[in-house]
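These figures come from a predicted structure and were not determined experimentally. Numbering of ligands and ligand atoms starts at 1, following listing order.
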Amino acid sequence: MHLEAGAADQSFREEVRDFLNEHLSPELRQAGQRTMGICSPHAASQAWQKILYAKGWAAPSWPKEHGGTGWTPMQRHIFATECYLADAPMLAPMGLEMVAPAIMGHGSEAQKAYYLPRVLSAEDSWCQGYSEPGSGSDLASLQCRADRDGDDYIINGSKIWTTDAHYATRIFCLVRTSSEGKPQAGIFFILIDMDSPGIKVEPIITMAGNHEVNQVFFDDVRVPQENRVGAENEGWTVAKYLLEFERGGRAWGARLQGAMAHLRHLAEARDMVNGTFAQRLAGLAAAVQAVEYTEQRVIAEMSQTGRIGPASSMLKTCAGTLVQEIREVAVEVIGNYAAPYQPAAREWGSNIEPIGSPDELTVVAHYLDFRARSIAGGSNEVQRNIMAKLVLGM
Ligand SMILES: Cc1cc2nc3c(=O)[nH]c(=O)nc-3n(C[C@H](O)[C@H](O)[C@H](O)COP(=O)(O)OP(=O)(O)OC[C@H]3O[C@@H](n4cnc5c(N)ncnc54)[C@H](O)[C@@H]3O)c2cc1C
């Protein structure tokens with residue numbers, strides 16, 4: 001594994017920078033800056049994915065046969081970092097980085113042929129239906145029912161915290177056919193059209209003031225059996241496989257670099273980069289580098305095994321905690337300018353004059369939003385349990 005970029009990587013970096021300079025309009029960059037949750041404003045994210053798709057760069061982590069770039073791990077890291085530093089909109093991960101690997105790993109040939117191109121081109125957008133009002137960490141206790149009826153299943157129940165369900169055209173769900181035996185045994189993984197009759201989406205507004213998550217209700221929703229991925233009792237295997245990609249495959253190092261660059265910019269604007277504060281920044285920068293190295297190691301292992309494995313839990317916990325710390329320091333840096341509450345001004349495309357500089361507008365929302373990352377994608381406590389068992393063998 002080589003962690004230093006060589007001459008070829010430097011020229012690749014230049015190529016990426018040129019592409020970003022040419023294709024990232026000020027509006028798209030603003031959408032990147034105003035990303036308050038997991039994804040950038042939906043329309044911007046879709047528009048940017050289409051531009052990347054036209055270039056063949058929409059899915060760097062996919063195998064080439066399905067439309068991936070064939071880049072080395074270092075090239076992928078460079079691309080992700082440059083995108084963050086240039087404020088490119090963040091692409092929604094639920095399609096490209098979650099359901100797509102699950103379909104590649106466990107789907108039928110017909111499912112691969114139908115769904116993967118639509119994920120890649122942004123024709124479909126996806127949401128994830130795992131959590132339920134009574135089942136999060138203990139996901140195997142989920143109750144959403146699927147009953148056979150001819151060639152279909154009839155789905156009844158509810159999913160919660162469903163990111164982007166209000167935009168998604170499809171949802172991948174874990175549902176239960178049987179309550180007999182081990183709780184994991186009666187579960188399967190299914191792909192559902194969001195415009196199916198009987199689906200209702202209700203918004204949940206986060207403490208950052210954003211509409212990102214939802215509750216989704218299924219009332220006698222009819223879904224063809226051919227939409228099931230894997231066998232009826234295989235849902236737990238597919239679900240765990242997908243979670244590795246959700247937790248590990250998120251270009252954490254690049255995201256941290258982006259957050260650090262923003263923090264440094266805020267501090268420099270106030271002439272604060274000196275004395276003990278400079279030491280604090282240096283400490284954060286060293287921690288960012290440690291996460292980047294860990295990520296590179298995980299990616300290098302993955303290119304050999306094809307799986308991210310339980311190290312994804314380590315990456316998610318360390319990186320998520322570090323982003324929270326960086327966002328918290330940013331709030332300290334802007335001081336009194338953390339006080340104004342202007343949710344309408346920080347909407348993408350808003351022309352409301354911000355109180356303070358536009359760079360400060362999103363600082364508190366970023367901080368509040370990132371509190372949720374200790375829970376989203378599986379709580380830190382649960383990740384530590386996974387690390388203890390599967391990484392440390394305790
Ligand atoms: C912003 C956001 C977006 C999300 N998006 C989605 C989505 O798109 N799709 C989806 O399906 N889900 C989504 N989730 C749900 C997320 O996966 C769950 O919230 C998470 O798994 C925790 O489940 P819970 O909320 O039921 O909390 P609980 O499981 O009730 O946990 C409550 C607390 O108990 C602790 N705890 C629970 N069990 C243990 C244990 N065994 N050992 C130690 N501590 C434990 C937890 O760490 C936590 O602190 C999202 C959540 C958030 C916050």
Side-chain angles (χ1 to χ4, degrees), residues 35-40 42 45 90-100 102 125-144 155 157-176 183-184 187-192 194 199 201-218 235-236 238-248 250 255 312-313 316-317 320-321 323-324 327 365-390 394:
T35 300
M36 245 71 69
I38 291 170
C39 326
S40 291
H42 183 70
S45 166
M90 280 165 64
L91 304 187
M94 288 78 77
L96 287 166
E97 293 173 28
M98 290 161 64
V99 78
S125 37
W126 285 85
C127 60
Q128 176 190 32
Y130 276 22
S131 307
E132 296 182 5
S135 305
S137 304
D138 181 18
L139 191 56
S141 67
L142 65 90
Q143 296 297 323
C144 194
I155 314 281
S158 170
K159 296 289 174 181
I160 198 164
W161 312 119
T162 323
T163 303
D164 270 10
H166 50 311
Y167 296 120
T169 54
R170 297 179 197 272
I171 182 168
F172 55 91
C173 277
L174 290 177
V175 290
R176 174 177 294 292
Q184 289 86 344
I187 293 173
F188 69 85
F189 186 101
I190 193 158
L191 313 174
I192 304 175
M194 284 298 279
I199 296 187
V201 177
E202 299 274 0
I204 300 173
I205 305 302
T206 65
M207 74 173 171
N210 302 321
H211 178 195
E212 179 189 12
V213 288
N214 303 273
Q215 183 164 6
V216 183
F217 297 89
F218 299 84
W236 197 246
V238 182
K240 282 198 302 184
Y241 181 79
L242 182 148
L243 281 174
E244 288 176 12
F245 289 89
E246 177 176 1
R247 292 168 183 162
R250 302 297 283 278
R255 178 187 293 221
S312 59
S313 295
K316 178 193 180 279
T317 310
T321 307
V323 182
Q324 286 176 335
R327 299 298 191 198
H366 275 140
Y367 163 72
L368 292 174
D369 171 68
F370 240 87
R371 301 311 306 162
R373 305 302 141 197
S374 324
I375 294 182
S379 76
N380 283 358
E381 290 78 12
V382 168
Q383 302 316 304
R384 290 193 184 102
N385 286 346
I386 294 172
M387 284 182 251
K389 201 168 151 194
L390 299 176
M394 290 164 77

Is there a nitrogen or oxygen of Glu381 sitting under 3.5 Å from a nitrogen or oxygen of ligand 1? yes
Could you tell me if any non-hydrogen atom of Cys127 lies under 4.0 Å from any atom of ligand 1? no
Please list, in number order, the atoms of ligand 1 under 4.0 Å from a heavy atom of Tyr130. 11 (O)
Just checking, is any N or O donor in the side chain of Ser40 or Thr35 under 3.5 Å from an acceptor N or O on the other one? yes
Under 4.0 Å, heavy atoms only, figure out whether ligand 1 is touched by the backbone of Asn385, its side chain, both or neither. side chain
Do we see a donor-acceptor contact under 3.5 Å between the side chains of Glu212 and Thr206? no
What atoms of ligand 1 come closer than 4.0 angstrom to any heavy atom of Ser379? 46 (C), 47 (O)
Between Gln215 and Ser158, does any side-chain donor sit less than 3.5 Å from a side-chain acceptor? yes
Verify, without hydrogens or angle tests, whether Arg384 (side chain) and Ser313 (backbone) share a donor-acceptor contact under 3.5 angstrom. no
With distance as the sole test, does Arg373 use its side chain to make a donor-acceptor pair with the main-chain N or O of Lys316 at under 3.5 Å? no
Please determine whether the number of non-hydrogen atoms from other residues, nucleotides or ligands lying under 6.0 Å from atom CH2 of Trp236 exceeds 12. yes
Ile375 contact mode with ligand 1 (heavy-atom cut-off under 4.0 Å): both
Evaluate the side-chain proximity of Phe218 to Cys173: yes if any heavy-atom separation is below 4.5 Å, no if none is. yes
Geometric N/O contact Glu132 with ligand 1, under 3.5 angstrom: no
Is Gln128 close to ligand 1, meaning an N/O of one under 3.5 Å from an N/O of the other? yes
Output the list of atoms in ligand 1 that are nearer than 4.0 Å to some heavy atom of Thr163, sorted by atom number. 3 (C), 4 (C), 5 (N), 6 (C), 7 (C), 8 (O)
Could you check whether any side-chain N or O of Gln128 sits under 3.5 Å from a backbone N or O of Thr163, counting only pairs where one atom can act as donor and the other as acceptor? no
Which ligand 1 atoms are under 4.0 Å away from a heavy-atom of Gly377? 17 (O)
Ligand 1 to Glu212 polar contact by distance, N or O atoms, under 3.5 Å: no
